[in-house]
Amino acid sequence: MMNLQSGTILAPEFYKKPVLAVAPELLGKFLVRQTGQTAISAMITEVEAYDGPEDLACHASKGRTARTETMFGEGGHWYVYLVYGMHEMLNIVTGEAGYPAAVLIRGLEGINGPGRLTKRFGIGREFNGLPAAIDAGLYIEDRGMTIDPARIKTSPRIGVDYAGPIWSGKPYRFYLEDSV
DNA sequence: ACAAGGATACCT
DNA sequence: GGTATCCTTGTC
């Protein structure tokens with residue numbers, strides 16, 4: 001019997017596109033965390049794009065380091081890091097290997113805030129570098145939800161004033177209007 | 001309005 | 001080995 005809630009797991013190819021193309025497409029998709037027999041999931045409602053070595057808000061603008069290594073890898077892998085000493089941030093790497101870019105998952109339906117969603121889903125740095133696939137127990141699904149493009153709003157990214165006026169002002173945050 | 005909290009990057 | 005800074009949140 002087919003589970004009506006189930007959908008199609010996004011293939012690696014989905015992520016191997018420019019980050020600014022991938023980010024808005026993730027809205028309306030479902031983040032799924034599977035542990036043993038049970039799974040929890042929620043619709044993605046808010047994301048931010050971090051685009052390459054030039055983007056001063058992107059960690060990779062500091063160069064290739066132990067932390068940013070994952071972002072330089074190929075799209076479709078998780079990039080998870082700790083911020084402010086207490087919150088795990090969940091990002092999905094995009095594009096081809098060698099170009100550092102990722103989408104930060106900032107909000108899910110019913111869960112606002114990037115630190116809250118990782119806590120609720122039990123996501124930590126152990127996922128860093130793992131592929132967004134069923135084997136990892138953490139992946140993104142398309143459940144056929146169609147999003148009216150008019151519902152997708154943009155704004156500057158949150159908490160990146162340190163990146164200077166040009167990069168902190170880029171409209172790289174995408175969210176569903178009626179879910180913030 | 002602001003402290004908590006620990007890793008990271010970049011000095012000396 | 002020291003220090004400033006950080007893609008936040010909860011409580012003040």
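The sequence lines fix the lettering, A, B, ..., with proteins before strands; numbering per chain opens at 1.
Counting heavy atoms from C-beta on, the side chains of A:Val32 and A:Ile40 never come closer than 4.5 Å. In this structure the side chain of A:Trp78 reaches within 4.5 angstrom of the side chain of A:Ile92, judged on heavy atoms. Under the 4.5 Å side-chain criterion, counting only non-hydrogen atoms from C-beta, A:Asp55 is in contact with A:Arg157.
The hydrophobic clustering, which links ILVMFWY residues whose side-chain heavy atoms are closer than 4.5 Å, places A:Tyr84 and A:Tyr81 together.
One side chain, A:Tyr99 or A:Asp51, offers a donor N or O that lies under 3.5 Å from an acceptor on the other. When only modelled atom types and interatomic distance are considered, A:Tyr79 and A:His59 share a side-chain donor-acceptor pair under 3.5 Å. A donor atom on one side chain and an acceptor atom on the other are found under 3.5 Å apart for A:Tyr50 and A:Glu48.
Rounded to a whole Å, the CD atom of A:Glu69 is 15 Å from the C1' atom of B:dT8.
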Quiz prompt | Reading 5' to 3' through nucleotides 2-12 of chain C, protein heavy-atom contacts under 4.0 Å coded B for base, S for sugar-phosphate only, - for none | solution = ----BBBSS--
Quiz item: DNA chain C in dot-bracket, Watson-Crick or G-U pairs under 3.5 Å, [ ] crossing, | other strand?
Solution: ||||||.||||.
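Evaluated for a side-chain contact (heavy atoms from CB on, under 4.5 Å) with A:Leu26, the options A:Thr45, A:Ile140, A:Asp142 yield exactly one hit, A:Ile140.
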